[in-house]
Amino acid sequence: MKKISLSNAQHYKKLWQPVSNLTSFQIEEIAHIETFEKGQHIIRHDEGTETLFILLQGKAKIYLLHEDGKQLIVHFVQKGELIGELSLLGVEERTKDVVAQIDCICLAIPLADYKERLLTDISFLQQLNVYLAKKMLNRTERFGQGLNYPLLNRLAAFILYTENEGLYHEKHTEVAEYLSSSYRHLLHTFEQLREKNIIIKEKRGYRIIDRMELERLAGEIKS
């Protein structure tokens with residue numbers, strides 16, 4: 001992890017400017033930049049967090065750790081999303097692991113210093129309410145999709161959601177749980193995509209070769 005003050009991070013300005021209106025005061029007064037390399041923890045479940053992050057660039061995974069040590073992916077964090085908002089609100093007793101899926105750049109706000117200021121800022125609270133409502137709606141829709149749409153369509157959407165520069169390389173065991181599928185069914189569905197020449201297997205994962213068809217399959221979920 002690398003920490004950079006906003007006064008020394010002008011080349012990141014285009015990234016954090018879109019969220020500069022998150023608070024009624026200047027976000028520069030309370031925030032700094034933190035960067036994480038692929039595979040680094042943004043938050044560790046056994047350490048908690050005293051920082052509210054806003055993902056400016058990159059992708060991250062949120063894992064829930066079971067008592068038996070097994071990890072379950074519960075969310076993929078995308079650009080513009082918050083990390084640590086439940087700790088800010090004091091409703092999460094035990095934090096989850098948040099790991100950079102690719103190199104990530106975050107806007108970071110130390111809660112030890114600015115928690116009270118955030119929780120008394122009307123502009124921030126209004127936007128936080130909308131964010132949490134949309135997040136809940138998205139998870140409800142994903143649950144509904146698992147009940148109503150074939151795995152082929154859901155996997156197509158998932159590949160598009162998690163790919164990086166045309167390459168997909170998630171772990172089958174984690175994805176099977178995330179998509180509420182058996183491991184065997186997931187492998188069979190990947191074979192279907194390969195047979196249709198939509199993806200090809202590479203050493204590092206799967207390469208998308210027919211994005212248009214993949215998008216068509218994913219689009220059937222919303223049609």
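What you see is a predicted model; the values in this text were computed from it and never measured.
A distance-only check finds no donor-acceptor pair linking the side chain of N153 to the backbone of I221 [under 3.5 Å]. K115 places no side-chain N or O within donor-acceptor distance of the main-chain N or O of E50, the cut-off being under 3.5 Å. In this structure, the side chain of D103 does not engage the main chain of E37 through any donor-acceptor pair within 3.5 Å. When atom types are taken as modelled, the side chain of Q127 and the backbone of L22 share a donor-acceptor pair closer than 3.5 angstrom. The main-chain N or O of K135 is never found under 3.5 Å from a side-chain atom of E81 such that the two would form a donor-acceptor pair. Formation of a donor-acceptor pair under 3.5 Å by the Y168 side chain with backbone atoms of I159 is not found in this model. Distance alone, capped at 3.5 Å, is enough to place a donor-acceptor pair between the Y161 side chain and the F76 backbone. Counting only distance, with no hydrogens or angles, the side chain of Y114 and the backbone of I109 share no donor-acceptor pair below 3.5 Å.
Closest non-hydrogen pair, C106 versus I42, comes out as SG-CD1, 4.4 Å. The minimum heavy-atom distance linking T49 with T95 is given by the pair N-CG2, 4.1 Å. Residues S181 and L151 approach most closely at OG-CD2, 3.3 Å, considering heavy atoms. In terms of heavy atoms, A156 sits closest to A218 at CB-N, 3.9 Å.
Hydrophobic clustering of Ile, Leu, Val, Met, Phe, Trp and Tyr side chains at less than 4.5 Å, counting indirect connections, unites F25 with V19. Residues F124 and I27 fall within the same hydrophobic cluster, defined by Ile, Leu, Val, Met, Phe, Trp and Tyr side chains chained together at heavy-atom separations under 4.5 Å. The hydrophobic clustering, which links ILVMFWY residues whose side-chain heavy atoms are closer than 4.5 Å, places L111 and L132 together. Clustering ILVMFWY residues whenever any of their side-chain heavy atoms sit less than 4.5 angstrom apart, transitively, puts V99 in a cluster other than the one holding V77. The hydrophobic cluster containing L167 does not contain I208, counting ILVMFWY residues as joined when their side-chain heavy atoms lie under 4.5 angstrom apart, directly or transitively.
Heavy atoms from other residues, nucleotides or ligands lying under 6.0 Å from CD of E47 number more than 12. For K38, the NZ atom sits in a loose shell: 12 or fewer heavy atoms of surrounding residues, nucleotides or ligands are nearer than 6.0 Å.
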Only distances under 3.5 Å count here; give the side-chain donor-acceptor pairs of residues 195-207 to other protein atoms, sequence neighbours excluded, each with its distance to 0.1 Å.
unit_1: E202; atom_1: OE2; unit_2: R207; atom_2: NE; d: 3.4
unit_1: R207; atom_1: NH1; unit_2: E165; atom_2: O; d: 3.0

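The side-chain heavy atoms of E85 and L52, taken from C-beta on, include a pair separated by under 4.5 Å. The shortest distance between side-chain heavy atoms of E34 and K2 does not fall below 4.5 Å. Side-chain contact between L160 and L214 is present, with at least one heavy-atom pair separated by less than 4.5 Å. A heavy-atom distance below 4.5 Å is found between the side chains of L193 and L152. Looking at F36 and M1, their side chains come closer than 4.5 Å, going by heavy atoms from C-beta outward. Q126 is listed as a side-chain neighbour of I122, based on a closest heavy-atom distance under 4.5 Å. The closest side-chain heavy-atom distance from L89 to L119 is below 4.5 Å. Between D97 and H41, the closest side-chain pair of non-hydrogen atoms falls below 4.5 Å.
R117 CZ to T23 OG1: the interatomic distance, rounded to the nearest 0.5 Å, is 7.5 Å. How far SG of C104 is from CG of L56: 10.0 Å, rounded to the nearest 0.5 Å. Here the straight-line distance linking atom CG of L155 with atom OG1 of T189 works out to 6.5 Å at 0.5 Å rounding. Taking CG of L118 as the start and CG of L128 as the end, the distance is 9.0 Å to the nearest 0.5 Å. Note that CZ of F53 is 10.0 Å distant from CG of L107, once rounded to the nearest 0.5 Å. Put simply, CG on L186 and NE2 on H172 are 6.0 Å apart, with the number rounded to the nearest 0.5 Å.
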Open item on the list: Applying side-chain contact (heavy atoms from CB on, under 4.5 Å) to I4 and H32, what does each step give before you reach the verdict?
Closed with: CA-CA 6 Å; I4 310 167; H32 60 270; over 6 Å; no
- [ ] Start with the C-alpha gap between D113 and I30, add the side-chain angles, then the distance that decides, and say whether side-chain contact (heavy atoms from CB on, under 4.5 Å) holds.
- [x] CA-CA 8 Å; D113 298 320; I30 64 171; over 6 Å; no
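Counting side-chain heavy-atom gaps under 4.5 Å among Ile, Leu, Val, Met, Phe, Trp and Tyr, the cluster of L187 also holds Y183.
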